[in-house]
Amino acid sequence: MNRFLLLFLLISLWMPHCFADDGPGHALGTKAELLFEDDFERTELGPWKVIIPGFKISEGVLVGTQDRADHGSVGRVYLPMQDCLVSFRFQLAGSPRFNIVFDDKNHKGSHAGHICRVAVAPKQIRLGDDKEGVMRNDIFAMRRDPKQKSAADKLLIGRGVAAAVDLKSDRWYEMTIEILGDQMRVTLDGKEIGVLKSPGIAHPTKESVHFTVNGNATHIDDVKIWRLESKAK
């Protein structure tokens, strides 16, 4: 085969992989200043407020375990933000699931001021708009009434997306959550998991972010939060 033809074929095979990031799985925005970081290289919880037990720092990681039967443990950082990028590493060290939740306690239109979340389980990762979805006060009440649950479920169309995964309990993963306007995007080890566009995500103030852990235990490390800017800026 002509060596120039062979070179052309090799380049043709290589180029789609080289420019894969220019496709649908592109970042929502551009990282601006770093707002928060924690590598947990200490013994005290520091800025993490335990709302529901229990969280602790052990061997350089944040460890969440469910200590109450009626609710997962909640560990929160108060950090007002709007458009942001959150990155962290996690390990499902026995826990069946955990959530990363953005809240605004001053918003009275949703249960506990929940705005949006990412729910992580061994076989599924879900992105949800809480403000206009499952936590909106009227929908929250309807879903607890068997006679209204079907009607409530119709109101949830478009308020969440889910992706199938296969997470192993013996390994660490890196997750990023981008929020820009009314969109939220999640990646796992650099691979896009899902993008949700829903109006509640655009709530102007996420007053805090927290982890809710069910079971025993989830390990979390290397948490970083940046302000996110539109690429057009």
Side-chain angles (χ1 to χ4, degrees), residues 20-36 74 76-88 97-121 124-143 151-165 174-188 190-212 223-233:
D21 288 342
D22 292 335
H26 63 276
L28 296 180
T30 302
K31 286 190 290 189
E33 73 267 23
L34 182 66
L35 302 175
F36 177 85
V74 175
R76 172 175 290 156
V77 166
Y78 291 93
L79 181 71
M81 64 194 94
Q82 182 174 4
D83 296 327
C84 58
L85 186 151
V86 178
S87 73
F88 60 95
R97 62 188 179 277
F98 74 95
N99 293 260
I100 311 95
V101 188
F102 298 84
D103 295 328
D104 179 5
K105 70 176 182 180
N106 297 310
H107 174 64
K108 305 305 180 183
S110 64
H111 179 70
H114 295 323
I115 302 302
C116 56
R117 75 178 59 217
V118 177
V120 180
Q124 184 186 84
I125 293 177
R126 181 182 180 276
L127 291 66
D129 174 353
D130 282 358
K131 180 183 176 182
E132 297 299 335
V134 293
M135 294 296 173
R136 200 175 79 185
N137 288 339
D138 57 336
I139 298 176
F140 186 83
M142 289 171 68
R143 296 184 76 236
D153 288 343
K154 292 179 182 178
L155 297 175
L156 294 177
I157 296 173
R159 298 295 175 253
V161 297
V165 294
E174 182 172 0
M175 175 172 283
T176 65
I177 303 169
E178 297 171 76
I179 295 176
L180 186 69
D182 61 357
Q183 294 186 80
M184 179 164 57
R185 175 178 180 260
V186 173
T187 69
L188 185 69
K191 179 182 178 181
E192 184 177 288
I193 290 295
V195 177
L196 174 64
K197 181 178 175 66
S198 189
I201 298 170
H203 184 76
T205 302
K206 289 80 176 175
E207 181 204 39
S208 63
V209 59
H210 74 256
F211 292 97
T212 298
V223 177
K224 294 182 180 180
I225 303 174
W226 289 269
R227 184 170 62 83
L228 198 65
E229 292 183 342
S230 170
K231 290 182 178 181
K233 290 187 177 182

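Since the model is a prediction, treat every value here as computed from it, not as a measurement.
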Modelled atom types, side-chain donor and acceptor of T205 and H203, under 3.5 Å: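 On atom types as modelled, these side chains do not qualify, holding no pair under 3.5 Å.
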
Closest approach of [X] and [Y], non-hydrogen atoms and distance?
X	Y	result
D138	R136	OD1-NE, 2.8 Å
V74	H210	CG1-CD2, 3.6 Å
S198	G158	OG-O, 3.8 Å
F88	V223	CB-CG2, 3.9 Å

Please confirm whether the backbone N or O of [Y] pairs with a side-chain atom of [X], one donor and one acceptor, at under 3.5 Å?
X	Y	result
D130	M135	no
S110	H114	yes
E178	L28	yes
R117	R126	no
K31	C84	no
K131	G113	no
D104	N106	yes

With heavy-atom distances below 4.5 Å as the criterion, would you say the side chains of [X] and [Y] are in contact?
X	Y	value
I100	M175	yes
F102	V86	yes
P199	D129	yes
T176	V186	no
R143	V134	yes
V118	V101	no
V195	V161	no

Roughly how far, to the nearest 0.5 Å, is the [atom2] atom of [Y] from the [atom1] atom of [X]?
X	Y	atom1	atom2	answer
L228	I179	CG	CD1	9.5 Å
K231	L180	NZ	CG	10.0 Å
L85	I177	CG	CD1	8.5 Å
K105	S208	NZ	OG	8.5 Å
L155	M142	CG	CE	5.0 Å
H26	E192	NE2	CD	8.5 Å

Evaluation steps, salt bridge (charged side-chain N to carboxylate O under 4.0 Å, His left out), between R76 and D103: CA-CA 10 Å; R76 172 175 290 156; D103 295 328; 2.8 Å; yes

side-chain contact (heavy atoms from CB on, under 4.5 Å) partners for [X], two or more places apart:
X	result
A163	I193
A121	R97
K197	D182, Q183

Salt bridge flag under 4.0 Å for residues E33 and R227: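 Salt bridge flag = yes for R227 with E33.
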
By ring pair (Phe, Tyr, Trp, His ring centres under 6.0 Å) - contacts of F98 (at least two apart):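 Partners of F98 under the ring pair (Phe, Tyr, Trp, His ring centres under 6.0 Å) test: F90.
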
N137: side-chain hydrogen bond (donor to acceptor under 3.5 Å, both in side chains) partners, not counting sequence neighbours: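 Residues passing side-chain hydrogen bond (donor to acceptor under 3.5 Å, both in side chains) with N137: none at all.
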
Criterion side-chain contact (heavy atoms from CB on, under 4.5 Å) on I201 and L196, from CA distance to verdict: CA-CA 9 Å; I201 298 170; L196 174 64; 3.9 Å; yes

Residue pairs fulfilling side chain to side chain donor-acceptor pair (under 3.5 Å) with at least one residue in residues 77-88, sequence neighbours excluded: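 Of all non-adjacent pairs touching residues 77-88, none passes side chain to side chain donor-acceptor pair (under 3.5 Å).
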
